[in-house]
Amino acid sequence: MDMKIALVPGDGIGPEVVSQAVKVVDAVCGTFGHTAAYTEALVGACAIDACGDAYPEESHRICMESDAVLFGAVGDPKYDNDPTAKVRPEQGLLAIRKRLGLYANIRPVETFKSLAEKSPLKTELVDGADFVCIRELTGGMYFGEKGRRDNGNTAYDTNVYSRLEIERILKLAFEFAGRRRGHLTVVDKANVLETSRLWRQIAQEMEPSYPDIKVDYMYVDNASMQLIRYPKFFDVLVTENTFGDILTDEASCISGSMGLLASASIGMHTSLFEPIHGSYPQAAGKNIANPVATILSAAMMFEYGFGLMEEGKAIRTAVNESIARGIVTEDLADGGKAYSTSEVGDWIAGQI
Ligand code: IPM
Ligand code: MN
């Protein structure tokens, strides 16, 4: 297959980890007889620095013309403590999601046997946990009307969801559950929020069309507790944008490091693949960041973006092998030898 891939490294450690994923994609192409042509695009603080826009038109054109987008991270501390900044790197990520119509963010939480002890949770709770969070990505408070009134002294963000937005993400979640263990947990705050009541109503309307799926409903506060109390309860968890943002950070520490979790954002145009971690500015340029989340995002790109399951599996096998053999960056080294970002990338690519 000939693949056109947009590379969007972004800020902070983004470029370092994306380079490792590129090595791995090239290795897969070599082994399986595919070709990958890359075009780089700017999003985030680097785009603001270059042209004053966090998601320039040129970047959008490159993404639209590509078969997949491989994304690093956006964010820069120089904006974090300036609530008055007019343009922010994060706007680039939100704009790319909105304009590519990426309404579903799929974040699998897998555990690695050899890392179970790195988890802040007890090994017996973590060992065997395997679930997928499906986060709605283009609605809710992130995109609802927002602003200030009373001379700037009152602020509001509106949480809005339409039936169409809810139905399409729930449909995807039901189908996902059907391909897994058939258990779907719909997470909301229906005891308080009207948007949540509409989510729950629509989910209940859809239930009869999926007789093989066992559905349960859980309030988000309870879900945040159950995720760490008994993660093995979950198979597929679906929720709205803001809840999903928070719960997936929480879920990411179950595996032992945030540097391990990949994600796929799919929707109406080109799909996007990105690690769930941020730009980790303290580590930028130091060649110490864990590239595994981005490498596993490349595995998701083969699987979800191109339907090439064997290729994805080859990456997963190589990643598992690297972790089992201790070829890991400092976040996982635990007193043992810490390998650099590029050494881990080289090793995994070599293995393929
Ligand atoms: C994520 C990130 C983003 C979000 C930020 C960077 C805008 O935290 O992908 O989870 O809140 O969605
Ligand atoms: Mn987040």
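First listed ligand is number 1; within each ligand, the first listed atom is number 1.
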Self-check item: R135 to Y142 six-membered ring, cation-pi geometry met (6.0 Å, 45°)
Solution: yes
Self-check item: Nearest neighbour in protein (non-hydrogen) for atom 11 (O) of ligand 1
Solution: Y142 OH, 2.6 Å
Quiz item: Any luck finding a side-chain donor-acceptor pair between Q20 and E16 under 3.5 Å?
Solution: no
Quiz item: Does K98 make a cation-pi contact with F143, if we ask for NZ or CZ under 6.0 Å from the ring centre and within 45° of the axis?
Solution: yes
Self-check item: cation_pi(R168, Y103) dist<6.0 Å, angle<=45
Solution: yes
Quiz item: Is the distance from the Mn ion (ligand 2) to the nearest N/O/S atom of D249 under 2.8 Å?
Solution: no
Quiz item: Has K337 got its NZ or CZ under 6.0 Å from the middle of the six-membered ring of Y339, at an angle within 45 degrees of the ring axis?
Solution: yes
Practice problem: For the Mn ion (ligand 2), find the closest N/O/S atom belonging to D245 and write down its atom name. | Solution: OD1
Quiz prompt | Nearest neighbour of atom 1 (C) of ligand 1 from the list R107, H277, E90, Q91, on a heavy-atom basis | solution = R107
Quiz item: Closest non-hydrogen protein atom to atom 9 (O) of ligand 1, residue and atom name please, with distance?
Solution: R97 NH2, 2.7 Å
Quiz item: What protein heavy atom is closest to atom 2 (C) of ligand 1, reported as residue, atom name and distance in Å?
Solution: D245 OD1, 4.1 Å
Quiz item: Under 4.0 Å from ligand 1, counting heavy atoms only, is it the side chain of R88, its backbone, both or neither?
Solution: neither
Quiz item: So, F234 versus H183, ring centres under 6.0 angstrom or not?
Solution: no
Self-check item: Worked verdict on Y156 versus R149 for side-chain contact (heavy atoms from CB on, under 4.5 Å)
Solution: CA-CA 8 Å; Y156 56 93; R149 54 175 184 252; 3.7 Å; yes
Quiz item: With a 4.0 Å cut-off on heavy atoms, is E274 touching ligand 1?
Solution: no
Quiz prompt | For R135, the ligand 1 atoms whose distance to one of its heavy atoms is below 4.0 Å | solution = 1 (C), 4 (C), 9 (O), 10 (O), 11 (O), 12 (O)
